[in-house]
Amino acid sequence: MRTTRDVDYVPDTSVIIDGRFTAFLSSHHEARVILSEAMISEVEHQANEGRSIGFAALEELKKIRDMANDGRIFLEIQGRRPSEWQIRRAKSGEIDEIIRMVAYENDAVLVTGDQIQRDIAIIKGIKVEYISPEAKEPRNIEEFFDELTSSVHLKAELEPAVKRGPPGMVNYERHGPRISRRDLEDIANHIVKRGKNEENSFIEMDSHGATVIQLHNIRIVITRPPFSDDLEITAVRPIKKLSIDDYRLKPELLERLKNQANGILVAGGPGAGKSTFVQALAEYLSSLGKVVKTMERPRDLQVSREITQYTGLEGSMEKTGDILLLVREDYTVFDEMRVTNDFHVYSDLRLAGVGMIGVVHATRGIDAIQRFIGRIELGMIPQVVDTIIFIESGQVSSVLVTQYSVKVPSGMQEEDLARPVIEVRDFFTQTAVFEIYTFGEQIVVVPVLKEGKKGSFFRLAEDRIAQEIKRITGTGKVQVKMLGENKALVQVPEENVSKLIGRKGATVSELEKRLGLHIEVEPFAGDTEEERRDAQIEIKNKIIYLNVGEPNRDVKFYVDNILVLQAKSSSKGIVRIKIASDTGSALYNYIKEGKSIKFSFSGK
């Protein structure tokens with residue numbers, strides 16, 4: 001008669017990580033257990049990578065060693081350690097094959113929770129015991145939630161912290177005894193096991209020091225050193241699921257969402273209720289017979305089963321977008337768009353004819369549109385984004401729509417200044433609130449002011465030019481007046497004129513090039529043009545002689561009302577300038593062009 005001890009068991013990694021094998025051994029006293037060096041190496045590698053499943057497996061291996069020390073089982077470690085390339089290719093089955101060979105060579109029973117491992121063992125004639133995941137296990141993280149708790153924050157040696165309340169009315173609270181590092185480790189390990197085994201739960205990401213798990217409707221992030229300074233668990237859960245009717249949207253907005261809006265952005269600050277609204281909108285569109293899919297990283301939207309949720313394929317949202325083009329959905333919800341590539345994927349799908357609903361963080365509705373500027377061509381924005389819904393305190397605060405037209409921007413008068421303009425209008429009043437267009441070489445987003453106020457285009461231009469002049473001259477006394485779209489008059493103190501113009505006009509020319517307009521420079525009113533007199537000019541031996549008639553005076557010389565030279569006259573009332581000098585060369589060119597050289601005296 002065979003006893004339990006006559007059977008040898010070789011567990012693989014799948015039943016070690018989630019504790020199924022230790023539970024199995026509790027009913028198999030004095031069993032002989034063979035641990036494969038390959039399995040231990042895989043666990044060690046995962047723990048060294050900072051992965052939660054590695055730490056969970058280490059805890060289970062400690063329990064198995066304790067059982068052996070207590071004499072409840074016989075424990076032996078066999079086999080060879082895998083090479084580095086085999087560990088890297090663990091997902092391809094290299095480690096599983098080594099574990100299977102240990103079972104085969106010892107005529108032992110392979111214990112696994114992996115269906116593929118089980119089937120391969122059967123094919124190879126290896127005895128196998130398949131342990132399916134437990135249907136129910138004691139809950140853990142849910143104990144920290146109540147009906148008003150939206151998130152739980154657990155950190156070693158600190159009191160549990162929770163956020164409670166509806167969007168816009170959230171309170172941060174700490175209560176309960178401190179959690180020891182050991183207890184928090186047990187909670188983290190239990191979460192990982194449940195994420196692997198429970199239905200509607202999965203491990204979304206397991207990287208060095210960070211693990212993201214979707215546990216039913218709770219999104220959990222576990223972080224460890226070196227990524228965080230200590231073990232921490234953050235769990236977030238929607239406290240209320242709303243339907244589109246709960247938002248009491250105006251009929252005209254519902255009609256737009258139903259029949260007109262195809263490029264939708266849902267914007268708002270963190271915790272404003274964006275995801276809750278998007279879930280309601282997705283299910284509303286699905287109820288209208290539309291095929292709706294989601295792109296999420298991680299997948300935590302609480303939507304009906306009719307709506308399939310996708311994440312990054314092989315970590316890439318671009319690849320997910322390629323698949324969605326084949327699925328032929330009517331609408332795609334792109335949750336939490338952050339990086340440039342996310343906006344490119346959104347734009348590509350929209351231009352391919354897919355209705356898009358994107359979620360972005362923004363403090364104003366217009367800020368959501370600005371996230372696209374510079375990432376796609378300006379003229380394509382109305383095709384990509386036609387409706388912006390701003391969420392604040394869980395409610396729809398404002399709705400903006402975009403419209404493309406060729407017109408004279410607000411604040412300009414001349415018809416020849418017409419250009420392509422993207423108007424951003426308030427949906428309910430249909431009044432323009434912003435305009436987006438090119439100004440020089442830049443794209444500007446300009447608020448539309450009420451009629452009777454100074455044109456917003458010129459105000460923006462004057463402010464921008466004044467900032468640049470202040471930076472160059474170092475004076476805050478700057479006055480700018482736009483004389484047209486491409487021309488500005490700048491007035492600065494007389495002593496700053498030459499600094500602004502620069503050597504041979506280089507400074508002002510560079511500024512004109514950067515701003516894309518012509519700049520005229522004048523000193524602030526001091527001496528008047530009537531007080532200036534024509535200088536008597538004589539050119540001899542490559543020297544310009546400027547006769548001002550009075551000896552030993554400080555003199556300022558002007559060309560077209562622009563100060564070009566400050567000097568002191570000689571005892572004979574003459575200022576001498578070599579043509580070879582920068583100033584002399586400029587003066588010589590002005591004289592050849594027939595321009596008048598005027599002067600005035602400064603001081604007494």
Side-chain angles (χ1 to χ4, degrees), residues 14 17-20 23 51-53 55-56 113 115 131-154 160-167 170 176 179 183-207 210-223 231-243 246 271 273-283 286 292-312 333 335-336 359 394:
S14 65
I17 288 173
D18 57 19
R20 277 180 275 175
R51 297 183 178 182
S52 293
I53 57 175
F55 290 105
Q115 294 183 9
I131 307 177
S132 61
E134 292 289 334
K136 291 183 180 179
E137 288 187 9
R139 299 196 303 173
N140 218 327
I141 194 68
E142 289 87 347
E143 297 174 7
F144 297 92
F145 284 90
D146 63 21
E147 66 277 5
L148 291 178
T149 302
S150 58
S151 65
V152 172
H153 308 264
L154 308 177
V162 299
K163 287 185 177 180
R164 301 180 73 254
V170 176
I179 301 178
D183 289 343
L184 193 60
E185 192 72 62
D186 289 341
I187 294 173
N189 294 339
H190 190 53
I191 290 170
V192 172
K193 295 174 189 176
R194 294 180 61 192
K196 286 177 63 68
N197 297 328
E198 294 188 10
E199 189 176 356
N200 298 324
S201 301
F202 46 84
I203 297 177
E204 185 76 47
M205 182 189 78
D206 196 12
S207 300
T211 304
V212 180
I213 298 168
Q214 188 67 37
L215 195 63
H216 303 290
N217 69 333
I218 304 177
R219 183 183 68 203
I220 303 171
V221 180
I222 303 172
T223 63
L231 176 62
E232 184 179 48
I233 299 174
T234 303
V236 181
R237 182 199 67 176
I239 60 175
K240 190 174 183 181
K241 185 173 181 179
L242 302 177
S243 70
D246 294 319
K274 301 184 297 297
S275 295
T276 305
F277 177 79
V278 165
Q279 291 163 188
L281 178 57
E283 294 193 344
S286 179
V292 182
K293 311 292 182 183
T294 74
M295 301 172 65
E296 309 168 56
R297 190 175 44 212
R299 292 167 291 185
D300 63 347
L301 291 179
Q302 305 302 309
V303 292
S304 59
R305 289 187 59 82
E306 288 82 5
I307 300 174
T308 304
Q309 296 173 266
Y310 296 90
T311 187
V333 176
D335 191 29
E336 299 292 352
V359 180

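Keep in mind the model is a prediction, meaning the values are calculated, not measured.
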Novice: Within the side chain of Gln279, is there an N or O that forms a donor-acceptor pair under 3.5 Å with the backbone of Gln302?
Specialist: yes
Novice: Roughly how far apart are Ile233 CD1 and His153 NE2, rounded to 0.5 Å?
Specialist: 12.5 Å
Novice: What heavy-atom pair brings Gly113 and Ser14 nearest, and what distance separates the two atoms?
Specialist: N-OG, 2.9 Å
Novice: Looking at OG1 of Thr308 and NZ of Lys293, how far apart are the two atoms once the value is rounded to the nearest 0.5 Å?
Specialist: 3.5 Å
Novice: Any side-chain heavy-atom pair from Ile307 and Leu301 closer than 4.5 angstrom?
Specialist: no
Novice: Are any side-chain N or O atoms of Thr294 and backbone N or O atoms of Val333, one a donor and one an acceptor, separated by less than 3.5 Å?
Specialist: no
Novice: Search all heavy atoms of Asp335 against all heavy atoms of Ser275 and return the closest pair with its distance.
Specialist: OD1-OG, 3.9 Å
Novice: Do Pro160 and Ile179 come close enough that some side-chain heavy atom pair is under 4.5 Å?
Specialist: yes
Novice: Can you check whether Asp186's main-chain N or O pairs, donor with acceptor, with Asn189's side chain at less than 3.5 Å?
Specialist: no
Novice: Checking salt bridge (charged side-chain N to carboxylate O under 4.0 Å, His left out) for the pair Glu296/Arg219: CA distance, chi angles, key distance, verdict?
Specialist: CA-CA 12 Å; Glu296 309 168 56; Arg219 183 183 68 203; over 6 Å; no
Novice: Out of curiosity, Arg164 CZ to Leu148 CG, how far, rounded to the nearest 0.5 Å?
Specialist: 5.0 Å
Novice: Would you compute the distance between atom OG1 of Thr223 and atom CG of Leu231 and round it to the nearest 0.5 angstrom?
Specialist: 7.0 Å
Novice: Out of curiosity, Ile203 CD1 to Ile17 CD1, how far, rounded to the nearest 0.5 Å?
Specialist: 8.0 Å
Novice: For residues Ser201 and His216, report the shortest heavy-atom separation together with the two atoms involved.
Specialist: OG-N, 3.1 Å
Novice: Heavy-atom distance under 4.5 Å between the side chains of Leu154 and Ile141, does that happen here?
Specialist: yes
Novice: For residues Ile218 and Ile213, determine if any side-chain heavy atom of one lies less than 4.5 Å from a side-chain heavy atom of the other.
Specialist: no
Novice: With no hydrogens and no angle check, is any side-chain donor or acceptor of Glu283 less than 3.5 Å from a backbone partner on Ser304?
Specialist: yes
Novice: Between Asn197 and Lys193, is there a donor-acceptor pair closer than 3.5 Å when you use the side chain of the first and the backbone of the second?
Specialist: yes
Novice: If every non-hydrogen atom of Phe144 is compared with every non-hydrogen atom of Val162, which pair is closest and at what distance?
Specialist: O-CG1, 3.9 Å
Novice: Within the distance-only criterion (no hydrogens, no angle test), does the side chain of Arg194 pair as donor or acceptor with the backbone N or O of Leu215 below 3.5 angstrom?
Specialist: no
Novice: At what distance, to the nearest 0.5 angstrom, does CD of Glu204 lie from OG1 of Thr211?
Specialist: 12.0 Å
Novice: Examine distances only and state if a side-chain atom of Ser151 and a backbone atom of Ala235 form a donor-acceptor pair shorter than 3.5 Å.
Specialist: no
